[in-house]
Colleague: 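To start, I am sharing the structure in question, which I have written as structure tokens.
Every chain is numbered from 1 and lettered A, B, ... according to where its sequence line falls, protein lines coming before strand lines. The model shown is predicted, which means the values in this text are computed figures rather than measured ones.
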There are 2 protein chains.
Amino acid sequence: MDVPTPLDAPADCRSVSEVLSRVGDKWTMQVVVTLRDQPRRFNDIKRQVGGISQQMLTRTLKTLERDGMVTRTVCATTPPQVEYALTALGRSLSEPVRELAQWARAHLATIHDNRSQYDADR
Amino acid sequence: MDVPTPLDAPADCRSVSEVLSRVGDKWTMQVVVTLRDQPRRFNDIKRQVGGISQQMLTRTLKTLERDGMVTRTVCATTPPQVEYALTALGRSLSEPVRELAQWARAHLATIHDNRSQYDADR
DNA sequence: CGGGATCCAGTAGGATACTG
DNA sequence: CAGTATCCTACTGGATCCCG
């Protein structure tokens with residue numbers, strides 16, 4: 001237990017890739033961030049995220065619930081109310097993602113520039 | 001400029017999602033980690049990663065090169081030698097990813113358990 | 001050795017309409 | 001309000017063969 005975080009073993013790489021591809025889809029992180037401060041209801045999330053269809057929001061929330069990142073609470077009223085909230089696991093994810101967000105903000109423009117230049121050179 | 005890292009604005013969410021989905025594919029992180037310590041040649045990377053086809057390695061490396069994360073150096077010898085190395089940008093990415101790797105190691109088993117339980121309950 | 005070209009299957013994302 | 005059910009398109013991952 002000397003090296004802080006090897007990130008060398010193939011098993012680790014696959015774990016990282018698995019997590020990255022899990023949360024790297026189009027909507028998951030936006031939903032997680034939307035739920036970070038307070039629980040919200042379905043159409044509330046839908047408005048906050050913007051541009052997401054009911055279908056994709058349903059899928060995203062169901063997958064998050066399945067992974068134990070989000071809880072789903074149904075109030076048997078009419079009209080029905082369903083409230084979604086982050087679990088501790090879901091909140092804990094937002095910490096390392098915050099780091100990545102900083103990196104994204106700092107370097108995304110550079111990446112886009114690199115792409116433009118690469119494409120122009122051919 | 002009070003809050004350290006808001007991660008609230010929709011624009012930020014999209015940046016994060018863009019980066020996550022960019023590096024969240026099946027092979028990118030494994031290639032980056034393989035190149036982290038020293039430059040390597042094509043088939044060397046292929047052996048290190050394991051299970052990747054030439055096609056996918058070619059695509060992955062080309063995309064990394066386009067984004068300015070990897071340099072491609074051709075030695076005009078016979079047989080040709082092509083060496084790939086991480087750029088500073090590529091190396092800087094491995095830092096926040098290291099954080100996410102720790103999270104992955106710590107919580108991946110829990111997530112898998114949650115999935116099993118969720119699937120069993122229906 | 002280091003790819004390019006082609007073809008193919010599976011899945012992610014999305015539009016729309018309908019339901020309890 | 002909060003979904004479910006269809007249907008469709010585009011992209012990802014991969015296998016195979018060919019080339020300098």
Colleague: Could you tell me how far apart B:D25 (CG) and D:dG14 (P) are, to the nearest whole angstrom?
Modeller: 10 Å

Colleague: Which heavy atom of B:T110 sits nearest to which heavy atom of A:L89, and what is that distance?
Modeller: CG2-CD2, 4.5 Å

Colleague: Starting from C1' on D:dC1, measure out to CZ on A:R47 and report it in whole angstrom.
Modeller: 10 Å

Colleague: I'd like to check A:E95 versus B:W103 (side-chain heavy atoms, cut-off strictly below 4.5 Å). Are they in contact?
Modeller: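 In short, these two side chains do not touch, never coming nearer than 4.5 Å.
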
Colleague: Choose from C:dG3, D:dA2, D:dG13 the nucleotide whose nearest atom is closest to any side-chain atom of B:R72.
Modeller: C:dG3

Colleague: Can you tell me if A:K62 touches the phosphate of D:dG3, counting only side-chain N or O atoms and a distance under 4.0 Å to OP1 or OP2?
Modeller: no

Colleague: Quickly work out the B:M56 CE to C:dG4 P distance and round it to whole Å.
Modeller: 13 Å

Colleague: On DNA chain D, nearest-nucleotide positions of A:R59 versus A:P80: which is more 5'?
Modeller: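 It is A:P80, whose closest nucleotide lies nearer the 5' terminus.
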
Colleague: How many whole angstroms separate atom CD of B:E65 from atom C1' of C:dG3?
Modeller: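 From B:E65 CD to C:dG3 C1': 13 Å.
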
Colleague: Compare every heavy atom of A:L57 with every heavy atom of A:F42, then report the nearest pair and how far apart it is.
Modeller: O-CD2, 3.5 Å

Colleague: Please report, rounded to the nearest Å, how far the C1' atom of D:dG3 is from the CG atom of A:D44.
Modeller: 16 Å

Colleague: Counting heavy atoms from C-beta on, name the nucleotide in D:dG3, C:dG3, D:dC1 closest to the side chain of B:F42.
Modeller: C:dG3

Colleague: Does a nitrogen or oxygen in the side chain of B:K46 sit under 4.0 Å from OP1 or OP2 of C:dC1?
Modeller: no

Colleague: Output the rounded distance in Å from CG (A:L64) to P (D:dG3).
Modeller: 13 Å

Colleague: Using only side-chain N and O atoms of A:W27, determine if any of them is under 4.0 Å from OP1 or OP2 of C:dA12.
Modeller: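 Checking C:dA12 against A:W27, no side-chain N or O comes under 4.0 Å of OP1 or OP2.
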
Colleague: Can you tell me which nucleotide in C:dC1, D:dA2, C:dG13 comes closest to the side chain of A:K26?
Modeller: C:dG13

Colleague: Does B:Y84 put a side-chain nitrogen or oxygen below 4.0 Å from OP1 or OP2 of C:dC1?
Modeller: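 Result: no.
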
Colleague: So do A:V32 and A:M29 actually touch side chain to side chain, heavy atoms under 4.5 Å?
Modeller: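 Of all side-chain heavy-atom pairs linking A:V32 with A:M29, at least one is under 4.5 Å.
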
Colleague: Whole angstroms only, please: what is the CZ-C1' distance between B:R40 and C:dC1?
Modeller: 17 Å

Colleague: Can you say whether a donor on the side chain of B:Q55 sits under 3.5 Å from an acceptor on the base of D:dT12, or the other way round?
Modeller: no

Colleague: Looking at every strand, decide which applies to A:T58 at a 4.0 Å heavy-atom threshold: base, sugar-phosphate, or nothing.
Modeller: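 If one applies the 4.0 Å heavy-atom cut-off, A:T58 turns out to touch a base.
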
Colleague: Starting at CG of B:L61 and ending at C1' of C:dG3, how long is that distance when rounded to a whole Å?
Modeller: 11 Å

Colleague: Short question: side chain of A:T28, backbone of A:G24 - any donor-acceptor pair under 3.5 Å?
Modeller: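 The answer is no, because no donor-acceptor pair under 3.5 Å joins these two groups.
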
